[in-house]
Participant: 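Before I ask anything, here is the structure I am working with.
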Amino acid sequence: MGMPLGLYLSVPFCRTKCTYCNFASDVFSRAVFDRYLDRVCADIHTTPESAGQMGARLERDADSVYLGGGTPTILDSHQLERLFVTVRQNFRLVPETEITVECAPGTLTPAVVETLLRCGVNRVSLGVQSFVDREAASVGRLHKRETVLDDIVRLRGAGISNINVDLIAGLPHQTAESWKESLESVIALGVPHVSVYMLEVDEDSRLGRELIAGGTKYHAHFVPDEELTAELYERACEQLNCAGITQYEISNFARGGFESRHNLKYWTREPYVGFGVDAHSMLKSASEEFAAVRFATADALEAYVAGASVQRTEVSRQAALEETFFLGLRLTRGVDLEQVRSEFGTGVVTALGAVLVDLASFGLIDWEGDWVRLTSRGRLVSNEVFERFLASGADAVMR
Amino acid sequence: MDAAYIRNFAIIAHIDHGKSTLADRLLELTGSLTAREMQAQVLDAMDLERERGITIKAHAVRMAYPAHDGKIYQLNLIDTPGHVDFSYEVSRSLASCEGALLVVDASQGVEAQTLANAYLAINHRLEIIPVINKIDLPSADIPRVKEMIEGAVGLDASDACLISAKTGQGVPDVLEVIVRRIPPPKGSPQRHLQALIFDSWFDPYRGVVVLARVFEGTLKKGQKIRLWSNGRVFQVETIGVLTPKPVEIEELVAGEVGFLIANIKNVADTKIGDTITDDERPAIEPLPGFEEIKPMVFAGLYTVDAHEHTQLREALEKLRLNDSSFFFEPESSVALGFGFRCGFLGLLHMEIIQERLEREYNLELITTAPGVRYKITLTDGSLIEVDNPSRWPDQSEIAKVEEPVILAVILTNEEFVGGILKLVEEKRGKQKSFEYVSGSRVMLQYELPLNEIVLDFYDRLKSVSRGYASLDYHLAGYWESPMVKLDILVAGDPVDALSLIVHRDFAYERGRALVSKMRELIPRQMFEVAIQAAVGAKIISRETVAAIRKNVLAKCYGGDITRKRKLLEKQKEGKRRMKRIGRVDIPQEAFLAVLKVGENSS
């Protein structure tokens, strides 16, 4: 019997598109929702066939369901229920399955909360980003600080206390003082899980493009510099850890026992299947030729609904080894070399010795016994560390 | 052919003054090419030549011209390279002629290149015919241009030909003037053979093709010839002329110009300026003026991708088949790996070679800063020549350094003189003359260290004169100068490819400029990186590249690991394209920065 699956359902609809968003979400007319759900539900029904075509092994058991977006709560109760019913018809959700829904503050009316409870949702992730109204407004969030506080009261009243709050360091207008306000607010709320992201500057978001172009649209000229953003992140790590919300991954903090089961699957390379637009899956291989297979649906809504084919990537043994490091090291506990040896062979760890020694000499990793983990500086420059585990040509340590 | 009916001539002009257009027009008028066969500028056959509007290789075209006196004349047009880098080749082409057309743009007037080549022609006692071109332009100022020809070149311009090569206006007269004013060649077909090689190239099907002017005797098919400088003997297989299509003939007699093919494998055997004589009946002495060509400018050439080193070697070998004036030998650099030290006739020559390597052979190159060859007297009295900073002796072993010096001729308008004087002073120039050649036109003659020219002199001159200055130069000897080696250290390690030889008084300024440029170009690393400039053990400048503060991917949208991997791979590939020195990754541009270092100091 293999590991139970994580199931991801993508709902790429929003009331407005935030300026920092580099995901496939967007504002679509409600007329599209049902057509989209038809397609998603059809895909859920045919998962075993699809997995077979991908050359992957598929379990029927799942222990996490994650409804992400987008803003899933933009769907009406009938639509939400339809999704969960379809999932339960096709997978067996084990007892105490973690069922998360991402919510935009202000969308959690009593009716929506009621629907979520009926669907079995037991965890809510709130895209707060900032408790300072001006900062949230500057990137297009529609809520105010008070909205968030009300939502949390309502959720707890309904019995959902497993709540995550997302924060972003590096938003326009943010300062050390305003960030302190957001951190203190989230600590005072007593939520058991916090995610802290740093603003990503790339060509895939409007704000990112404006920053690259050096313009002033989207408050881009009020975005803190790299130095300050890094400091804000460090401040968050310190304060959350002090408050007992312990860092367990580069961007994730939780009180003991509240770590997100779903997100951990990504970093520990446990199998998951995604449904909907730009949804990603990873399943173990059905054959010995390769270790696993990753596949992704189209990233444009029209193409997805029209039935565009999935992108399939085989994960070779070498690639799986690399992933073990560049995903596993994201976790505070790090990577267990003993486990790497047992999975990939002793020689592999020996071959990586030089890289590990080098990284340790730069103070980027701690290497104690069989465990390797990022230092706090290593976390901030983790891409530089991860890159070292990618083999290029002659560097490959295994076939 | 009776020599009385032969005219050998060259065309001298500044770039863009219309040399090639006039040549095309002459070919057309003499029926050598039909209008349909005309491709603009037939003689500049190489792509690079057409694009840049320059002539790199010499050519010789024979035309038949029925003159007004009722006789048919054989006109041999010897097209010469115009650039200063090739002044020796120009001098050999001119030596093959009895006359020259001096083409001057009616609105631009005399430029430095016109002048340098006109002086060369005067020294060769050529009959020079001034031709004022582009008279159809609204900005044409014929009286002023005549005044400049008389003032600057010292030629009588009163009966200059007035033409428009573009429209053809006045061109037929040029042919008549050639016949009337240029003297026929001397020499006798019966004497011992003396022919001058003024160009040669390698043809993959026929071997080396030699262009030659016969001064004495007769060159025949089947004849055994001997090359004077190396004594090598070859049997002539083919004799011919270019019309411009190659046409085979039986012989070339004294006074004539043409090509020969003699199963010669190596272009280095057929040195420009060498004398061809008969192996059985050799001449008593060679023709005058032969010199071994010596490279003047040196630089290291490396491939960006170390795996392409072999391809670079093969490409250099192929290029050298056709250009014996360029030299290369293997060298290795700690920073750049395996490459070649190359010697060039000048900067243009270097650029051409680089461009051909990149274009024709698809190589991506890194070129180190161009430098010159110094004569160094060591404290033990011995004399060495050094063109590579990495071979520069320790300062304590040096008794005396001499650097090559050029005599530069700069022509400009008086409004730009101030800026130019400042520039040449900054470049350690010594004034030789300053004179008005006409109205507001000024001619400056300066002695300048070649070392100061090779870095960025052209660009600087262009910018201070807004393009209204022309430059020509030739080697004028050596100066003793306090030259030192300037090293750039990255994280404590000297980067050999960035070392420069500079005048002691400039070391501080150059070092500072280079260090600050490097600070901009070297990306942040995992640790703080010190960039220093040093002369010997003394650090003269220092800047620091701060360590990377953050490089982290936070969000994981729905488990998209493929995107994360792609970003990491892209990052890794970016580093692979950099050169690693010690623990520091240095991008390619940093090595080019050294070429531009002077710009900051102005």
Side-chain angles (χ1 to χ4, degrees), chain A residues 6 8-10 22-24 66 68 168-169 195-200 202 226-227 229-231 233 250-251 262-263 265-267 269 272 274 276 278-282 294 296 311 313 315 319 322-323 326-327 330 358-359 362-364 377 379-390 392, chain B residues 303-310 337-338 490-493 519-520 522-530 544-588:
Chain A
Y8 180 85
L9 304 165
S10 158
N22 55 6
F23 189 56
Y66 196 103
I168 297 181
S195 297
V196 178
Y197 303 112
M198 277 177 278
L199 184 74
E200 267 184 51
D202 61 29
E226 185 178 292
E227 180 64 39
T229 304
E231 270 173 36
Y233 172 78
I250 289 177
S251 306
H262 189 84
N263 277 323
K265 290 183 187 293
Y266 298 150
W267 316 131
R269 308 189 58 254
Y272 52 90
D278 200 15
H280 298 261
S281 305
M282 196 282 281
R294 294 187 179 278
Q311 282 284 335
T313 314
V315 180
E322 292 166 10
E323 287 180 359
F326 80 73
L327 299 175
R330 296 185 64 96
D358 199 38
L359 290 169
F362 281 125
L364 299 174
R377 170 149 159 70
R379 266 192 285 279
L380 264 170
V381 293
S382 47
N383 285 347
E384 302 284 335
V385 176
F386 298 159
E387 175 205 302
R388 300 294 301 276
F389 292 96
L390 294 192
S392 50
Chain B
T303 50
V304 169
D305 188 339
H307 301 297
E308 290 183 344
H309 176 255
T310 318
F338 292 102
V490 172
D493 294 323
R519 194 184 67 93
E520 285 167 34
I522 295 182
R524 289 179 167 209
Q525 318 268 324
M526 294 313 303
F527 42 88
E528 194 177 273
V529 176
T544 306
V545 178
I548 300 181
R549 188 67 171 97
K550 77 175 179 71
N551 178 10
V552 52
L553 269 181
K555 207 142 179 127
C556 173
Y557 288 104
D560 185 358
I561 304 306
T562 316
R563 176 169 178 260
K564 286 201 187 312
R565 173 182 279 278
K566 275 187 189 138
L567 284 165
L568 293 173
E569 280 168 352
K570 197 172 153 200
Q571 176 181 306
K572 194 170 178 100
E573 172 63 16
K575 292 216 176 110
R576 199 186 63 76
R577 293 185 58 81
M578 293 195 220
K579 293 285 180 181
R580 171 160 279 217
I581 290 160
R583 296 181 127 185
V584 183
D585 292 314
I586 301 184
Q588 316 287 351

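Not measured: the values here are computed from a predicted model. Naming: A, B, ... by sequence-line order, numbering from 1 per chain.
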Participant: Quick one: what part of Gln311(A) sits under 4.5 Å from any heavy atom of chain B, side chain, backbone, both or neither?
Facilitator: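 For Gln311(A), there is no contact with chain B at all, as no heavy atom is under 4.5 Å.
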Participant: List the steps, then state whether salt bridge (Lys or Arg N to Asp or Glu O under 4.0 Å) holds for Arg563(B) with Asp202(A).
Facilitator: CA-CA 13 Å; Arg563(B) 176 169 178 260; Asp202(A) 61 29; 3.1 Å; yes
Participant: Is it the side chain or the backbone of Ser10(A) that comes within 4.5 Å of chain B heavy atoms, both, or neither?
Facilitator: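 For Ser10(A), there is no contact with chain B at all, as no heavy atom is under 4.5 Å.
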Participant: Non-hydrogen atoms of chain A under 4.5 Å away: do they reach the side chain of Glu573(B), the backbone, both or neither?
Facilitator: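 Answer is neither: Glu573(B) stays 4.5 Å or more from chain A.
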Participant: Among Lys572(B), Lys575(B), Lys570(B), which residue satisfies the side chain to side chain donor-acceptor pair (under 3.5 Å) criterion with Glu387(A)?
Facilitator: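 Single pass found, and it is Lys575(B).
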Participant: Tell me, with the steps shown, if Glu200(A) and Leu553(B) meet side chain to side chain contact (heavy atoms under 4.5 Å, CB included).
Facilitator: CA-CA 8 Å; Glu200(A) 267 184 51; Leu553(B) 269 181; 3.8 Å; yes
Participant: Between atom CG of Leu327(A) and atom NZ of Lys564(B), what is the distance when rounded to the nearest 0.5 Å?
Facilitator: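 The NZ atom of Lys564(B) is 8.5 Å from CG of Leu327(A), to the nearest 0.5 Å.
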Participant: Does some side-chain heavy atom of Met282(A) sit less than 4.5 Å from a side-chain heavy atom of Ile561(B)?
Facilitator: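 No, their side chains stay 4.5 Å or more apart.
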Participant: Please classify the contact between Leu9(A) and chain B as side chain, backbone, both or neither, with a heavy-atom cut-off of under 4.5 Å.
Facilitator: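 Looking at Leu9(A), nothing touches chain B.
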Participant: Against chain A, label Ala547(B) side chain, backbone, both or neither, depending on which of its atoms sit under 4.5 Å from a heavy atom there.
Facilitator: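 It is the side chain, since no backbone atom gets that close.
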Participant: Indicate yes or no: at least one non-hydrogen side-chain atom of Glu384(A) is less than 4.5 angstrom from one of Gln525(B).
Facilitator: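 No; the side chains remain at least 4.5 Å from each other.
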Participant: For Leu359(A), which atoms come within 4.5 Å of any heavy atom of chain B: side chain, backbone, both, or neither?
Facilitator: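 For Leu359(A), neither part sits under 4.5 Å from chain B.
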Participant: Do Arg565(B) and Arg294(A) make a side-chain contact, defined as non-hydrogen atoms from C-beta onward lying under 4.5 Å apart?
Facilitator: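 Not touching, per the 4.5 Å side-chain cut-off.
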Participant: Please report the closest heavy-atom contact between Leu568(B) and Asn383(A), naming both atoms and the distance.
Facilitator: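 Minimum heavy-atom separation between Leu568(B) and Asn383(A): CD2-O, 3.6 Å.
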Participant: Roughly how far, to the nearest 0.5 Å, is the CZ atom of Arg377(A) from the NZ atom of Lys550(B)?
Facilitator: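 It comes to 13.5 Å.
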Participant: Which bit of Ala296(A) comes within less than 4.5 Å of chain B, counting heavy atoms only: side chain, backbone, both or neither?
Facilitator: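 Neither part.
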Participant: Are Thr229(A) and Arg549(B) side-chain neighbours, meaning at least one heavy-atom pair lies under 4.5 Å?
Facilitator: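 No, too far: nothing below the 4.5 Å cut-off.
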Participant: Around atom CZ of Phe527(B), are there more than 12 heavy atoms from other residues, nucleotides or ligands closer than 6.0 Å?
Facilitator: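 More than 12 heavy atoms, drawn from other residues, nucleotides or ligands, come within 6.0 Å of this atom.
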Participant: May I ask you to name which of Phe389(A), Tyr272(A), Phe386(A) has the most heavy-atom pairs under 4.5 Å with chain B?
Facilitator: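 Among Phe389(A), Tyr272(A), Phe386(A), the one with the most close pairs to chain B is Tyr272(A).
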